[in-house]
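Worksheet: the structure to be examined is printed underneath.
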Amino acid sequence: MRLSLFHLLLLSLLAAGCGSQSEKSLVVYSPHGKELLEDFARRFEAAHPGVKVDWFDMGAQDVLDRVRSEKANPQGDIWWGAPAPTFMQAAREGLLQAYRPSWAAAVDSAFHDPQDHWYGTWITPEIIMFNRDKLTRATAPQDWDEVLSEKWRDQIVLRDPLASGTMRAIFFTMIYRAYRETGSTAAGFDWLRRLDANTKSYAANPALLYLALARGGAAFTLWNHPDVPLQANTYGYPFDYVVPRSGVPLVPEGLAIIAGAKHPELARQFYEFITSPESFLHAARAYWRIPARKDLDFSQFPAETDPAQFPALPMNWQLFADSSEAWIQYWDANLRNRGKH
């Protein structure tokens with residue numbers, strides 16, 4: 001059957017209209033960085049034709065604040081990444097939708113919410129990250145307390161702790177080291193005061209942190225391990241790291257569906273996709289991520305993601321969830337930019 005030009009145009013318009021209606025969008029909030037988010041968005045879209053993933057890269061605390069502000073009208077579907085205590089706060093405030101993933105039994109009970117509001121995906125070690133044009137693994141600080149030495153005055157750049165889950169975890173750990181024995185925060189805040197005295201600047205986002213360190217404006221920072229090889233291999237930044245002698249915060253990174261998500265079924269599909277054995281293996285090989293799942297074939301994983309090389313410092317994640325906001329506000333009001341005075 002031959003069709004007139006009018007009919008062909010009409011069919012084209014109808015087809016275009018059907019296409020826009022069938023396309024689905026999934027909105028992801030995450031602090032995991034554009035490299036990883038772009039990659040996994042493309043992989044999910046390839047496995048789910050017609051689906052568009054819109055991701056928003058922001059600090060862990062920024063995600064929590066955004067989900068809070070959108071509670072009456074949620075714009076995000078899924079929240080991927082942040083220290084577990086941040087998810088504990090969100091669950092307590094009714095911001096998360098319960099979902100029990102197919103692999104739930106493969107995760108330690110400490111790494112998920114008892115009511116399934118969030119599950120741990122990766123375990124992130126916090127380390128001392130340095131510019132290898134200025135320091136070596138032998139000359140860089142070897143432990144947390146060594147960063148307080150006066151020889152490091154104005155040699156440290158830090159990510160702004162107010163927006164960063166990574167920095168909040170490090171600050172909490174430094175306070176908790178003495179708090180668990182004395183019940184007092186005094187020694188921990190004094191440690192942060194001395195750290196502030198050596199800190200040259202606080203970076204507003206991770207990209208500015210990497211630039212400040214790469215340009216040699218500071219010699220080192222306190223940050224997470226996966227970003228060291230990622231930034232060095234992707235952008236050629238002269239970064240290396242030291243695992244502090246006394247141990248490191250091993251931070252469980254959470255995953256959750258946002259309460260009232262507009263695309264809950266798509267969110268569940270994405271949840272399962274990014275936590276499949278294949279995705280965990282890809283994340284370990286490409287982004288040095290340590291999985292929280294225990295049922296994987298770890299013989300295929302790179303040695304750099306073996307958690308045994310990162311001895312864990314004692315942590316109390318519930319205390320973190322209950323206290324870190326008040327503690328970080330106290331630091332901001334009383335210690336920030338005052339250590340040199």
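Note: hydrogens, waters and symmetry copies are ignored here, and every other heavy atom, side chains too, is used.
Taking every heavy atom of both residues into account, Arg289 and Thr124 meet most closely at NH1-OG1, 3.4 Å. Shown here for Tyr29 and Arg66, the closest heavy-atom pair between the two residues is OH-NE, 3.3 Å. Closest non-hydrogen pair, Glu325 versus Gln61, comes out as OE1-NE2, 3.8 Å. When all heavy atoms of Asp77 and Ser25 are compared, the pair lying nearest together is OD2-O, 4.0 Å. Between Lys52 and Asp54 the shortest heavy-atom distance is NZ-OD1, 2.8 Å. Considering all non-hydrogen atoms of both residues, Gln97 and Ala261 come closest at NE2-N, 4.2 Å.
Not one N or O on the side chain of Thr185 forms a donor-acceptor pair closer than 3.5 Å with the backbone of Gly188. The backbone N or O of Val53 lies less than 3.5 Å from a partner atom in the side chain of Glu45, making a donor-acceptor pair. Checking side-chain atoms of Gln75 against main-chain N and O of Asn73 turns up a donor-acceptor pair under 3.5 Å. Judged by distance alone, the side chain of Lys71 and the main-chain N or O of Glu93 form a donor-acceptor pair under 3.5 Å. Put simply, the side chain of Thr139 never gets that close to the backbone of Leu135: no donor and acceptor are under 3.5 Å apart. Looking only at distances, no side-chain donor or acceptor of Gln231 sits under 3.5 Å from a matching main-chain atom of Pro229. Thr173 contributes a side-chain N or O that, together with a main-chain N or O of Ala169, makes up a donor-acceptor pair within less than 3.5 Å. Side-chain atoms of Lys294 never come within 3.5 Å of backbone atoms of Asp108 as a donor-acceptor pair (strictly under, hydrogens ignored).
Using a 4.5 Å heavy-atom cutoff, the side chains of Arg336 and Leu162 are in contact. The shortest distance between side-chain heavy atoms of Met129 and Tyr237 does not fall below 4.5 Å. Side-chain contact between Pro291 and Phe301: present, with at least one pair of heavy atoms (C-beta onward) separated by less than 4.5 Å. In this structure the side chain of Trp223 reaches within 4.5 angstrom of the side chain of Tyr210, judged on heavy atoms. Counting heavy atoms from C-beta outward, Ser324 and Gln89 have side chains that approach closer than 4.5 Å. Two residues are said to be in side-chain contact when any heavy atoms from C-beta on lie closer than 4.5 Å; Gln155 and Asn198 fail this criterion. At least one side-chain heavy atom of Leu148 sits under 4.5 Å from a side-chain heavy atom of Leu195. Side-chain contact between Trp288 and Val228 is absent, with no heavy atoms from C-beta onward closer than 4.5 Å.
A salt bridge links Asp145 and Arg177; the closest N-O separation between the charged side-chain nitrogens and carboxylate oxygens is under 4.0 Å. Electrostatic pairing of Arg193 and Asp190 counts as a salt bridge here, judged by a charged N lying under 4.0 Å from a carboxylate O. The existence of a salt bridge linking Arg245 and Glu146 is confirmed by a sub-4.0 Å separation between a basic side-chain nitrogen and an acidic carboxylate oxygen. A salt bridge links Glu265 with Arg268: at least one charged nitrogen is closer than 4.0 Å to a carboxylate oxygen.
For the ring pair (Phe, Tyr, Trp, His ring centres under 6.0 Å) with Tyr119, the lone residue among Tyr99, Trp103, Phe87 that qualifies is Trp103. Here the rule is ring pair (Phe, Tyr, Trp, His ring centres under 6.0 Å) with Trp80, and of Trp122, Phe56, Trp55, Trp118 only Trp122 fits it. Put simply, the residue from Arg137, Lys134, Arg132 that forms a salt bridge (Lys or Arg N to Asp or Glu O under 4.0 Å) with Asp240 is Arg137.
Interatomic distance, Arg194 CZ to Met174 CE, rounded to the nearest 0.5 Å: 13.0 Å. To the nearest 0.5 Å, atom CD1 of residue Ile274 and atom CZ of residue Phe44 are 9.0 Å apart. Between the CD1 atom of Ile78 and the CD1 atom of Ile258 there is a distance of 8.0 Å, given to the nearest 0.5 Å. Atoms NE2 and OG1, on His32 and Thr121 in that order, are 5.0 Å from each other to the nearest 0.5 Å. Atom CG of Leu213 sits about 10.0 Å away from atom CZ of Phe130, to the nearest 0.5 Å. Rounded to the nearest 0.5 Å, atoms OG1 (Thr199) and CD1 (Ile156) are 5.0 Å apart.
Tyr202 and Asp196 are linked by a side-chain donor-acceptor pair at a separation below 3.5 angstrom, with hydrogens and angles left out of the test. If you check the side chains of Asp39 and Tyr287, you find a donor sitting under 3.5 Å from an acceptor.
Cation-pi contact between Arg293 and Phe280: absent, since separation from the ring centre below 6.0 Å together with deviation from the ring axis within 45° is not met.
In Arg215, the CZ atom is not crowded: 12 or fewer heavy atoms of neighbouring residues, nucleotides or ligands sit closer than 6.0 Å.
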Determine, stepwise, if the pair Ile170 / Met167 fulfils side-chain contact (heavy atoms from CB on, under 4.5 Å). CA-CA 5 Å; Ile170 293 171; Met167 287 310 305; 4.2 Å; yes

Could you walk me through whether Gln269 and Leu266 pass the side-chain contact (heavy atoms from CB on, under 4.5 Å) test, one step at a time? CA-CA 5 Å; Gln269 292 177 28; Leu266 208 51; 4.0 Å; yes

Could you walk me through whether Asn316 and Arg180 pass the side-chain contact (heavy atoms from CB on, under 4.5 Å) test, one step at a time? CA-CA 9 Å; Asn316 183 330; Arg180 62 192 290 265; over 6 Å; no

Intermediate values then yes/no, side-chain contact (heavy atoms from CB on, under 4.5 Å), Leu222 and Phe171: CA-CA 10 Å; Leu222 313 179; Phe171 273 29; 5.6 Å; no

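Aromatic ring centres of Phe40 and His282: separated by under 6.0 Å.
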